[in-house]
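Single-structure report; data block below.
All heavy atoms count here, side chains included; hydrogens, waters and symmetry mates do not. For ligands, and for the atoms within them, numbers begin at 1 and follow the listed sequence. If you read the sequence from its start, that first residue is 1, and numbering goes on from there.
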Amino acid sequence: MSGERKSPNIIITGTPGVGKTTHCESLAQRLGLRHISVNEVVKDKECHEGWDEELTCWIVDEDKLLDAIEDDVEQGGCILDWHACDVFPQRWIDLVVVLRVDSTTLYDRLKARNYPEVKLQENLDSEIMEVLLQEAHDSYDSEIVIELTSNTSDEMESNIDRIEAWVKQWKLDNQE
Ligand code: DAT
């Protein structure tokens, strides 16, 4: 259900540290898509009810968040970058990419970010238990959910090539 969009909307999701930002920036540059970093929107547009000290994250006001990005998303050509994907209405989304990474690699990346041990372990558990992959399958049609690995730069390059090819095909399929 792409409606009037001339360019698709894509979610790039996964556990923190899998490579969402890096993929989105590269895709935005290569394909001229708009990178919407949901964390930044939540912070900049105050789509939250304060900071959760225990979980060290914003308590997101989902209605405010959806209002804040609705105009952009309805135009199409957006890449939504977030560690959750179940809040976006199905009709907005054409492809959901779940990035995956080996636990040792994820450990090193989060360690390099100085994640506190508890948060690091929670994220490792979440990756091992495929929480985001499950969330994507629970929230969207399985046909539009793809899982890609992001351990190395070569893998990232091939992911970008694959998504680029998918976007080109989507545009051909959705021409008027
Ligand atoms: P996220 O936005 O999912 O939290 P990120 O894009 O900030 O992740 O990446 C975290 C770190 O890992 C960053 O230093 C870049 C590196 N990285 C990400 N994907 C990679 C890949 N496929 N190969 C090598 N390094 C990668």
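- Other residues, nucleotides and ligands contribute over 12 non-hydrogen atoms within 6.0 Å of the CD atom of Glu74.
- Both Val87 and Trp58 belong to a common hydrophobic cluster when Ile, Leu, Val, Met, Phe, Trp and Tyr are linked at side-chain heavy-atom distances under 4.5 angstrom.
- In terms of heavy atoms, Ser7 sits closest to Leu33 at OG-CD2, 3.6 Å.
- Using a non-hydrogen distance threshold of 4.0 Å, Asn159 does not register as a contact of ligand 1.
- The minimum heavy-atom distance linking Leu148 with Arg162 is given by the pair CD2-NH1, 3.3 Å.
- Atoms of ligand 1 lying under 4.0 Å from any heavy atom of Thr22, numbered from 1 in the order shown and given with element: 5 (P), 6 (O), 9 (O), 15 (C), 18 (C).
- Looking only at protein heavy atoms, the nearest one to atom 19 (N) of ligand 1 is Ser150 OG, 3.4 Å.
- With a 4.0 Å cut-off on non-hydrogen atoms, Thr152 touches ligand 1 through its backbone and not its side chain.
- Distances below 4.0 Å separate heavy atoms of Pro16 from the following atoms of ligand 1: 4 (O).
- Which of Arg109, Lys20, Glu155 comes nearest to atom 21 (C) of ligand 1 through a heavy atom is settled by distance: it is Arg109.
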Query raised in the report: Are Asp67 and Lys64 close enough, and set up right, to give a side-chain contact (heavy atoms from CB on, under 4.5 Å), and what steps lead you there?
Result: CA-CA 5 Å; Asp67 283 348; Lys64 261 196 197 168; 5.6 Å; no
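- The single protein non-hydrogen atom nearest to atom 8 (O) of ligand 1 is Gly19 N, 3.1 Å, given as residue, atom name and distance.
- Comparing Glu157, Arg113, Met156 against atom 4 (O) of ligand 1, the shortest heavy-atom distance belongs to Arg113.
- In terms of protein heavy-atom proximity, atom 2 (O) of ligand 1 is nearest to Thr21 OG1, 2.6 Å.
- At a 4.0 Å cut-off, at least one heavy atom of Gly17 sits close enough to ligand 1 to count as contact.
- Evaluated for a side chain to side chain contact (heavy atoms under 4.5 Å, CB included) with Ile12, the options Val97, Leu80, Thr21 yield exactly one hit, Val97.
- Ion pairing of Asp102 with Arg109 is absent here, as no side-chain N (NZ or NE/NH1/NH2) approaches a carboxylate O to less than 4.0 Å.
- The part of Asn151 lying near ligand 1 is the backbone, judged by heavy-atom distances below 4.0 Å.
- For Glu157, the CD atom counts as densely surrounded, since its 6.0 Å shell holds more than 12 non-hydrogen atoms of other residues, nucleotides or ligands.
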